[in-house]
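Report on the following structure.
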Amino acid sequence: MPAVDECMPLCSTHKTVPVEQAVGMVLPHDITEIIKDVYKGRAFKKGHIIQPQDVETLRRLGKEHIYVLNLGPDDVHENEAALLFAGALAGEGILYAPEPSEGKIGFSAKRSGLLKINREALFRFNMLGEVMCATLQDNTPVRQGEQVGATRLIPLVARRALVEQAVATIQTGEPVLRVLPLRQAAAGLVITGNEVYSGRIADRFEEVLRTKLAALGSSVLQVRFAPDNPEQIATEIRSCLDAGADLIVTSGGMSVDPDDVTRVGISLAGAEALVYGTPVLPGAMLAVARIGEVPVFGLPACGMFHGITVFDLLLPRILAGEHIGRAELAMLGHGGFCRNCQVCQYPVCSFGKS
């Protein structure tokens, strides 16, 4: 039998063997290789039988000793724990690998949609200390197959009671990770403004809105134009509704000038729960409302200049079935200041992330 050394504080019942004496042993966990700026991944998989030619590679990876694990009934290996955590953390629209790699399991989006994070449950889980789950931010639009988070046990082995406590912590309420589908809306666009209606300037909003809607799987059913007249704006909104639009987007007329009457037109069309003003830049003068079950947006003119505004933060949430009111808008203040980067990276940035 090879000589063994006492291990580091993993557990007093687990021993280590010098790597040169470990030939023929089974690795108890994945061994990671890191080459700066080039590669990070699994060099040896858990369960690998150490061969003579492996000894120098293991030493190169900084492994002078190999654990000899003797797991008792109250012990849980990192791989088993990761699978238990993943099953409890993942909700609808989330996929995860059937086995861990390097002790962790990653989560990916089963479909394109809106990532929802139960932040309170995630906080309780991570407060336990020996377990972890990291995610993208709540309300991030994601594509099918996109990586959205990962979980693992931090030590190689933990007590089963801790693992069971961690699982129980996240099994109440909504799962920690979900990807909600976005409905395919048929939008009615109402472009307002005397300057556009009279033909003095060409409209640029329609093209912008068509692109944004198409990127989320929705389409434009009808486009109507109205001058700065509340009654005519209301008439055009109702025309879109009569044609079957299940989303209304108006553009322009949301500022503080005397001719900015689009909000009045939205109200005359039958809007309820109209909320005007957001703590987001760009997009402070946006309005949201509902006519029956149809969501209504009133977009300020900044949407023609800025590629990303508060509209881009709210549209996926509306398409995911959320109702947006004053409280939801107020929460956007933290993270609601756009950096206006020279090259926009949204949604891979801090904008709209609280």
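One-based numbering along the sequence shown. The analysis underlying the following values was restricted to heavy atoms, covering all of them including side chains, and did not include hydrogens, waters or symmetry mates.
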How many angstroms lie between [atom1] in [X] and [atom2] in [Y], if you round to the nearest 0.5 Å?
| X | Y | atom1 | atom2 | answer |
| --- | --- | --- | --- | --- |
| M132 | L153 | CE | CG | 11.0 Å |
| R59 | D54 | CZ | CG | 12.5 Å |
| F225 | S251 | CZ | OG | 8.0 Å |
| I266 | I248 | CD1 | CD1 | 9.5 Å |
| C240 | L189 | SG | CG | 7.0 Å |
| R224 | I233 | CZ | CD1 | 13.5 Å |

Check ion pair R159-E130 (N to O, under 4.0 angstrom):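 No, no charged N to carboxylate O under 4.0 Å.
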Other residues, nucleotides, ligands: >12 heavy atoms within 6.0 Å of Q147 CD: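 Counting other residues, nucleotides and ligands, CD of Q147 exceeds 12 neighbours.
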More than 12 heavy atoms from other groups under 6.0 Å of CZ on F305: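 No, because the 6.0 Å sphere around CZ of F305 holds 12 heavy atoms or fewer from other groups.
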When the side chains of residues 92-103 are checked against the rest of the protein, which donor-acceptor pairs come out under 3.5 Å, sequence neighbours left out?
| unit_1 | atom_1 | unit_2 | atom_2 | d |
| --- | --- | --- | --- | --- |
| E92 | OE1 | R111 | NH2 | 3.0 |
| E99 | OE2 | K45 | NZ | 2.9 |
| E102 | OE1 | T32 | OG1 | 2.5 |
| E102 | OE1 | K40 | NZ | 3.4 |

Any side-chain heavy atom of [X] sitting closer than 4.5 Å to one from [Y]?
| X | Y | result |
| --- | --- | --- |
| S218 | L319 | yes |
| F351 | Q345 | no |
| V249 | V296 | no |
| L315 | F297 | yes |
| V148 | T135 | no |

Show me the pairs that pass side chain to side chain donor-acceptor pair (under 3.5 Å) and involve [range], at least two apart or across chains.
| range | value |
| --- | --- |
| residues 193-205 | N194-D228, S198-R200 |
| residues 118-129 | R119-S354 |
| residues 302-321 | K212-D312, H306-N340, R317-E322 |

Closest contact, heavy atoms only, A43 versus E33: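 So the minimum-distance heavy-atom pair works out to CB-CB, 3.8 Å.
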Minimum heavy-atom distance A320-L114, with the two atoms named: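 The pair with the smallest heavy-atom distance is CB-CD2, 3.9 Å.
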Contacts of [X] that satisfy side-chain contact (heavy atoms from CB on, under 4.5 Å) - sequence neighbours left out:
| X | result |
| --- | --- |
| T57 | F44, R60, L61 |
| R143 | S112, E146 |
| C341 | R339 |

Please output the side-chain donor-acceptor pairs of residues 78-91 that fall under 3.5 Å, not counting sequence neighbours, one pair per line with the distance.
| unit_1 | atom_1 | unit_2 | atom_2 | d |
| --- | --- | --- | --- | --- |
| E78 | OE1 | R152 | NH2 | 2.7 |
| E80 | OE2 | R160 | NH1 | 3.2 |

Distance-only side-chain donor-acceptor flag, T262 / T192, under 3.5 Å: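 Their side chains do contain a donor-acceptor pair, which is all the 3.5 Å distance test asks for.
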Qualifying residues under side-chain hydrogen bond (donor to acceptor under 3.5 Å, both in side chains), relative to Q171, sequence neighbours excluded: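 Counting only residues at least two positions away or on another chain, Q171 forms no side-chain hydrogen bond (donor to acceptor under 3.5 Å, both in side chains).
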Identify every side-chain donor-acceptor pair in residues 268-280 under 3.5 Å, counting partners at least two apart or on other chains, and give the distances.
| unit_1 | atom_1 | unit_2 | atom_2 | d |
| --- | --- | --- | --- | --- |
| Y276 | OH | M254 | O | 2.5 |
| T278 | OG1 | V280 | N | 3.4 |
| T278 | OG1 | G283 | O | 3.0 |

From I237, I191, L299, residue fulfilling side chain to side chain contact (heavy atoms under 4.5 Å, CB included) relative to T250: I237
Residue pairs passing the salt bridge (charged side-chain N to carboxylate O under 4.0 Å, His left out) test where at least one lies in residues 250-270, sequence neighbours excluded: none
Expected list for residues 173-183: side-chain donor-acceptor pairs under 3.5 angstrom, two or more places apart:
| unit_1 | atom_1 | unit_2 | atom_2 | d |
| --- | --- | --- | --- | --- |
| R183 | NH1 | D246 | OD1 | 3.3 |
| R183 | NH1 | D246 | OD2 | 3.3 |
| R183 | NH2 | D246 | O | 2.9 |

